[in-house]
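All values below come from the heavy atoms of this structure, side chains included, with hydrogens, waters and symmetry mates left out. In this text, all values refer to a predicted model and were calculated from it rather than measured experimentally. Counting starts at 1 for both ligands and their atoms, following the listed order.
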Amino acid sequence: MWQRVVPLLALATLSQALDWDAAYAKANAALTKLTQDEKLAIVTGVGWTKGPCVGNTGSVNSIGYPSLCLQDGPLGIRFVEKVTAFPAGVNAASTWDVDLIHERGVALGAESKALGINVHLGPVAGALGKIPFGGRNWEGFSPDPYFAGIAMAETIKGMQESGVQACAKHFLLNEQEKNRETMDTSVDDRTLHELYLWPFADAVHAGVATVMCSYNKFKTFWACESEELLNHTLKGELGFRGTVISDWNAQHSTALSANTGLDMTMPGTDFNNPPGSVYWGVKLGQAITTGEVPQSRLDDMVRRNLAGWYGLGQDKNYPPVTWNSFNNTGGGPNVQGDHKRIARTIARDSIVLLKNINNTLPLIKPKSLAIVGQDAIVNPAGANACADRGCNIGHLAMGWGSGTAQFPYLIAPLDAIRPQAIADNTTLATSTSDDPDAGANAARDTEFALVFITSDSGEGYITVEGNQGDRLTLDPWHDCNDLVEAVAAVNKKTIVVVNSVGPIILETILAQPNVLAIVWAGIAGQESGNALVDVLYGGTSPSGKLPYTIARRAADYGTTILPGTDTFDEGLFVDYRHFDKAAIEPRYEFGFGLSYSKFTYSTLILDLDTTPGPAPGPTGPGGPLSLFSSIGHISATITNTGRVAAAEVAQLYITLPASTSAGEGDIPVRQLRGFAKISLAPGESGVVSFVLRRRDVSYWEATSMEWVVPRGVFGVVVGASSRDLRLEGRFSVDA
Ligand code: NOJ
């Protein structure tokens with residue numbers, strides 16, 4: 001158990017990108033050349049719809065500073081044609097593939113830059129997703145903070161490598177759409193650090209240039225004017241040197257927001273542009289004259305804004321904006337490059353196979369196939385027929401709201417299955433509505449039936465079928481349990497494909513003995529249908545795993561949408577941490593996913609420095625820098641014992657010592673602290689190696705307000721999911 005091994009993989013997150021010192025040097029030099037009005041212009045938006053982008057600032061000719069262009073969003077560029085509609089964040093997560101997540105970031109950033117966008121409004125780790133009903137969870141990655149943190153860091157590094165400033169949002173505790181603009185939140189300090197702040201620490205460590213503060217209140221103060229959140233935690237504790245941008249219309253004051261750490265107001269007015277709604281610009285100038293806001297604060301804001309711009313090299317040959325979000329005539333260059341390849345790869349590798357009785361899948365030249373459900377085809381009115389994708393008609397490949405993009409095209413399942421069926425000589429029967437009788441008629445005489453069902457959600461400014469952003473239930477939409485029942489009653493080989501923004505309750509479907517397979521395809525973007533065919537027909541073995549838990553009953557999650565106040569009483573126990581603690585059997589646990597192959601796990605090796613010594617030390621981007629240093633590696637050997645080439649996601653979970661010194665409450669049974677995806681040919685073995693950072697074995701000690709590596713025995717498991725534990729070990733920290 002205590003053998004030594006040479007580290008095989010270096011976790012990319014150990015490094016960071018933006019050179020803040022160099023960027024600040026340039027920003028300081030430029031600052032001396034600016035007039036007060038120019039400084040005010042840099043930090044103030046020009047007003048909603050008053051520029052080509054969803055957010056635009058004033059410009060300063062003397063230093064070549066443009067009207068900065070800020071544009072959504074997390075899965076593709078909003079309001080522009082000829083861009084790539086990538087799989088959503090939650091699908092990027094279900095690949096569990098750090099390289100693909102990174103590549104997606106690079107591609108998103110490249111499209112942004114080519115369009116002249118300076119600040120790309122993503123990625124998302126708030127909502128973290130503690131409430132499965134939360135409307136915007138799919139924009140982000142996973143309710144596990146470690147996972148969300150890795151995905152944030154890789155996306156940010158990818159985007160910024162392409163030259164665009166990333167924007168980590170929404171800071172903080174904006175977990176639901178209902179009353180998001182009035183909600184008052186509070187949370188205990190340990191939960192704040194170990195869950196909600198955690199992925200933002202990774203974002204800052206990765207060098208993120210901007211952070212967007214959220215709509216809600218935190219301990220009675222607006223998040224965009226919270227001394228505790230912005231000045232103290234983000235800029236102080238995490239050492240964030242970039243720009244804090246308000247969510248659109250989330251600013252509520254002139255002086256307080258300035259003094260508590262806001263650095264840019266967006267869009268500069270409220271959405272109706274009444275003159276009284278401008279808090280900065282001239283008003284900020286007056287507040288400086290009266291002494292309510294120190295001049296040094298304005299200079300600091302400007303410095304931060306300029307540092308991001310210089311730091312990403314946007315002062316040199318940056319492409320212009322040649323399109324307009326609000327008058328979209330298809331202008332702007334085609335920026336897609338070959339990104340459909342990465343969109344398809346992510347979509348394919350994000351598919352999670354939940355059930356596959358008798359090796360029903362892959363399909364091998366079936367004689368006949370019924371395709372059932374409106375989700376199988378593109379909305380007959382067009383993939384982009386509903387503004388900001390605010391309807392659930394036809395194939396579901398993204399949620400709705402500001403986190404959407406125009407589909408350049410959308411390959412729905414039937415579009416991709418049809419040519420495959422022709423090649424295989426398969427007879428197709430179709431029923432492309434959600435009507436159970438029509439579905440049963442189509443499926444009665446076919447060898448297999450594929451039933452497509454959905455669940456959708458989005459941002460609260462659009463209500464779809466009664467869902468005001470957040471989901472009303474976790475059941476399939478359009479009564480599709482009935483559709484599945486009707487089809488499964490007449491077809492002995494029924495396969496259900498789920499396109500959903502998050503977990504749905506599958507019990508009714510699982511109760512149908514003729515449902516032999518369930519394929520979880522998430523919201524997969526423009527290449528959705530092609531990716532599905534890659535997996536259904538065995539071109540690629542499914543390799544996605546769930547980045548959240550699928551429960552047996554919605555109530556099992558223990559969190560729900562609340563009316564006006566959320567005190568986060570569930571503490572650390574969200575998603576699998578809650579199921580483990582409360583001993584609730586999930587239907588499909590966090591990290592679960594089947595393959596067409598099989599894997600064995602062997603040879604757990606721990607190579608750790610178990611005397612990490614005393615505490616944290618100097619702060620850099622992301623918090624005390626020692627937290628991000630490696631304390632060693634844990635590795636395991638994975639062998640593909642099946643018959644086909646396939647990839648496996650191995651997961652590392654850690655259990656903290658039973659007595660964390662402060663003794664403040666329960667410790668999660670286990671917490672994800674590493675994952676690695678490995679592709680293996682049949683019979684092949686490979687080693688996965690997980691880097692443990694100091695923070696991965698620390699907890700937040702609320703009395704001393706510090707990260708502490710507790711003394712005692714740590715449990716280690718490497719498994720195929722959070723409950724399929726294959727290898728167990730321990731190590732102890734004594735000093
Ligand atoms: C509000 C959303 O919360 C935010 O995510 C988005 O970037 C802005 N609107 C701009 O569209």
Side-chain angles (χ1 to χ4, degrees), residues 45-57 68-80 88-90 108 112 115 117-129 134-141 152 155-156 159 164-183 185 200 203 208-217 222-224 243-252 262 264-273 324-326 328 387-390 398-406 457-462 468-470:
V46 300
W48 179 237
T49 72
K50 301 289 185 212
C53 307
V54 300
N56 312 268
T57 65
L68 214 70
C69 168
L70 298 87
Q71 192 77 0
D72 296 304
L75 63 66
I77 319 294
R78 186 183 181 201
F79 290 150
V80 200
V90 71
L108 281 165
S112 259
L115 287 163
I117 293 161
N118 299 96
V119 179
H120 187 123
L121 301 173
V124 177
L128 183 63
R136 299 182 71 184
N137 295 350
W138 55 271
E139 292 186 41
F141 301 101
M152 286 293 276
T155 305
I156 288 161
M159 285 177 171
V164 73
Q165 301 182 51
C167 180
K169 67 187 190 182
H170 308 84
F171 195 78
L172 200 65
L173 306 183
N174 185 173
E175 291 293 315
Q176 62 179 54
E177 288 304 281
K178 186 183 173 79
N179 294 334
R180 70 173 179 181
E181 287 169 48
T182 50
M183 201 66 193
T185 64
F200 284 93
V208 75
T210 76
V211 170
M212 185 188 292
C213 50
S214 56
Y215 281 121
N216 52 293
K217 291 178 180 173
W222 298 106
C224 290
T243 306
V244 176
I245 301 170
S246 72
D247 199 343
W248 270 232
N249 204 19
Q251 185 193 26
H252 297 271
L262 187 68
M264 184 198 287
T265 170
M266 275 293 143
T269 58
D270 85 10
F271 288 120
N272 304 318
N273 285 319
N324 190 313
S325 300
F326 307 102
N328 190 349
D388 288 339
R389 311 298 78 78
M398 59 178 78
W400 74 79
S402 66
T404 57
Q406 300 283 105
S457 74
E459 202 171 339
Y461 67 90
I462 302 175
Q468 201 179 347
D470 303 319

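- Trp138 contributes atom CH2, which lies 7.5 Å from atom CE of Met398 (distance to the nearest 0.5 angstrom).
- Taking a cut-off of under 4.0 Å to the non-hydrogen atoms of Lys169, the atoms of ligand 1 that pass are 4 (C), 5 (O), 6 (C), 7 (O).
- Gln71 and Ser325 share a side-chain donor-acceptor pair at under 3.5 Å.
- Met212 contributes atom CE, which lies 5.0 Å from atom CG of Asp247 (distance to the nearest 0.5 angstrom).
- The distance from atom CZ of Phe79 to atom CG of Asp388, rounded to the nearest 0.5 Å, is 4.5 Å.
- The part of Arg136 lying near ligand 1 is the side chain, judged by heavy-atom distances below 4.0 Å.
- The ligand atoms of ligand 1 that sit less than 4.0 angstrom from a heavy atom of Ser402 are 2 (C), 4 (C), 5 (O), 6 (C), 11 (O).
- Judged by distance alone, the side chains of Arg136 and Ser402 do bring a donor and an acceptor atom under 3.5 Å apart.
- Under a 4.0 angstrom heavy-atom cut-off, Glu459 registers as being in contact with ligand 1.
- Across the listed options Ile245, Val124, Asp388, Asp247, Asp247 owns the non-hydrogen atom lying nearest to atom 1 (C) of ligand 1.
- Contacts between Arg180 and ligand 1 below 4.0 angstrom, taking non-hydrogen atoms only, involve the side chain exclusively.
- Heavy atoms of Met266 come nearer than 4.0 angstrom to ligand 1 in no pair at all.
- Evaluation of the side-chain hydrogen bond (donor to acceptor under 3.5 Å, both in side chains) rule for Gln406 yields Arg389 as partners, not counting sequence neighbours.
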Which atom pairs, donor and acceptor, lie under 3.5 Å between side-chain atoms of residues 121-129 and protein residues at least two apart or in another chain?
none

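- Considering only non-hydrogen atoms, atom 11 (O) of ligand 1 lies nearest to Asp72 out of Leu70, Asn174, Asp72, Val119.
- Of the N or O atoms in Arg78, one or more lie within a sub-3.5 Å distance of an N or O in ligand 1.
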